[in-house]
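Reading through the structure tokens given below for one structure.
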Amino acid sequence: MQLLDLIETYTAQDASAERLYAREGRRVRGGRNTPQYKTALLEAARLYEGVLAGRLPGHRLSEAMTTSDFSYLFGDIIDRQMLAAYQHMPVMWQSIAKRGRVRDFRTVTRYALDGGEAVLSEVKETAEYPAASVSDSRYEYKVKKYGKRLPFSWEAFVNDDLDALREMPQRLANSARFSEERFVADLFAGATGPDSTFFSVGNANVVTGNPALSVAGLTTAFNTLAAQVDTDGNPIYLGGVVLVVPPALKITANNIINATEILAADGGGDGTGNNQLRVANWLRNDVTVLVNPWLPIVSNSSNGNTSWYLIADPNVGRPAMEIGFLSGHESPELFMKSPNATRVGGGLIDPMDGDFDTDSIDTKVRHVFGGTLLDAKSAVASNGSGS
């Protein structure tokens, strides 16, 4: 999306923009939601884009930065660029985790009720109705603050080396999104493959034999997932499932899921015997493939390229994990360090002149989130080792 299109789009979203920026108390000449501010913002964006594109000399931006209004406008432009880049990046974790919201940094507790859904019992004449048994599970987590600084030099700005300005919003947006994805991968995967506490014999969610990814392995995984029951012994109804694989299994996973037909033995399993069935690939309708490049990074000791996971749709029934964001701060936020110098002759200091000690120009991004694993009955995994 071009910069001017981006600015026009975001200024048109008055309610959303006002909510995003009101929390930081940023106001310029009567507020961001006024026609005057929007006009000034578009003019500033045209100047900024013209300098980045080389149509205007760099000193035009330097001169404009000496005015207080343009300093605010410039910060708004960079912030919008980063937010747009963040929102346009592909999001993997929302396919396997529920999105939540928390009020503050204190520990939050999530409760999951189980039971109370057993098949109704016959009630004899004048007999008392039997009481249902309901149990609850507690899950706790708290959000934490993450961030980083991205400094660049005054000399680079003077030399019209504007790559730093051009790339900064995208780099910070990438950093925020990558942080989320790494955090989620760390939840359900460990150094040697599937997290051994969550995926365990006690939770009955390890695929029997830890098979390599194949049609037969997926059959076993589906049987393992389907065998889960609630505390009343009822089957657990799940929606679609997501097959999460590392890049090394991308081709295998997509070949299996996108095949038009499956050769199956008449008694089940792969079609390697004399009696074979040629069936339509039912997996195409029930399974979505998610290639997660963080898995071999997280599972860097062993099984990083062979482990695979079946995780239920987090929007149906019982999510396997939840990722929470701080209310009012649910997207990454960008800040620029104010200049801490004063000209001898007085007057405003251009933020692009940098700080007093080193002339460095400093920005930072802040992102607040957290999460936890929830219901172990909504996911199964295999480390692919065959043992």
Practice prompt. For the pair W93 and M321, evaluate side chain to side chain contact (heavy atoms under 4.5 Å, CB included) and give the outcome as yes or no after the intermediate values.
Written response: CA-CA 10 Å; W93 66 262; M321 61 196 91; over 6 Å; no
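- Expressed to the nearest 0.5 Å, how far CZ of R318 lies from CD1 of I236 amounts to 4.0 Å.
- Hydrophobic clustering (ILVMFWY, side-chain heavy atoms < 4.5 Å, transitive): F105 and V102 are in one cluster.
- No single ILVMFWY cluster, assembled from side-chain heavy atoms under 4.5 Å apart, contains both V229 and V241.
- Summarising the geometry, atom CD1 belonging to I251 is positioned 8.5 Å from atom CG belonging to N254; distances are rounded to the nearest 0.5 Å.
- In I297, the CD1 atom is crowded: over 12 heavy atoms of neighbouring residues, nucleotides or ligands sit closer than 6.0 Å.
- Around atom CZ of F356, no more than 12 heavy atoms belonging to other residues, nucleotides or ligands sit under 6.0 Å away.
- Counting only N and O atoms by type, the side chains of S385 and N383 include a donor and acceptor under 3.5 Å apart.
- When all heavy atoms of Y141 and I323 are compared, the pair lying nearest together is OH-C, 4.4 Å.
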Worksheet entry | Candidate pair W294 and M92, rule side chain to side chain contact (heavy atoms under 4.5 Å, CB included), full reasoning | CA-CA 11 Å; W294 293 101; M92 294 185 295; 4.0 Å; yes
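- When all heavy atoms of E330 and L326 are compared, the closest pair comes out as CG-O, 3.3 Å.
- Shown here for L374 and F198, the closest heavy-atom pair between the two residues is O-CE1, 3.9 Å.
- In this structure, S179 and F369 have side chains that are in contact, with non-hydrogen atoms separated by less than 4.5 Å.
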Discussion item. Salt bridge (charged side-chain N to carboxylate O under 4.0 Å, His left out) for E180 and R182? Distances and angles first, verdict last.
Written reply: CA-CA 6 Å; E180 296 173 9; R182 173 62 189 261; over 6 Å; no
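- Residue R284 qualifies as enclosed at atom CZ: its count of foreign heavy atoms under 6.0 Å is above 12.
- Salt bridge status for E140 with R110: absent, with no side-chain N to carboxylate O gap under 4.0 Å.
- With respect to the salt-bridge test (charged N to carboxylate O, under 4.0 angstrom), the residues R106 and D104 qualify.
- Panel note: side chain D355, backbone D359; a donor-acceptor pair is recorded below 3.5 Å.
- The distance from atom CD1 of I96 to atom CG of L243, rounded to the nearest 0.5 Å, is 11.0 Å.
- From D313, atom CG reaches atom CD1 of I311 across 11.5 Å, with rounding to the nearest 0.5 Å.
- Between Y309 and F188, the gap from one ring centroid to the other is short of 6.0 Å.
- Counting only heavy atoms from C-beta outward, the side chains of H367 and E333 never approach each other to under 4.5 Å.
- Of all non-hydrogen atoms in P130 and S121, the two that sit nearest each other are CG-CB, 4.0 Å.
- The two residues V207 and S382 come nearest to each other via the heavy atoms CB-CB, 4.0 Å.
- Using a 4.5 Å cut-off between side-chain heavy atoms of Ile, Leu, Val, Met, Phe, Trp and Tyr, with links allowed through other members, I256 and L225 fall into the same hydrophobic cluster.
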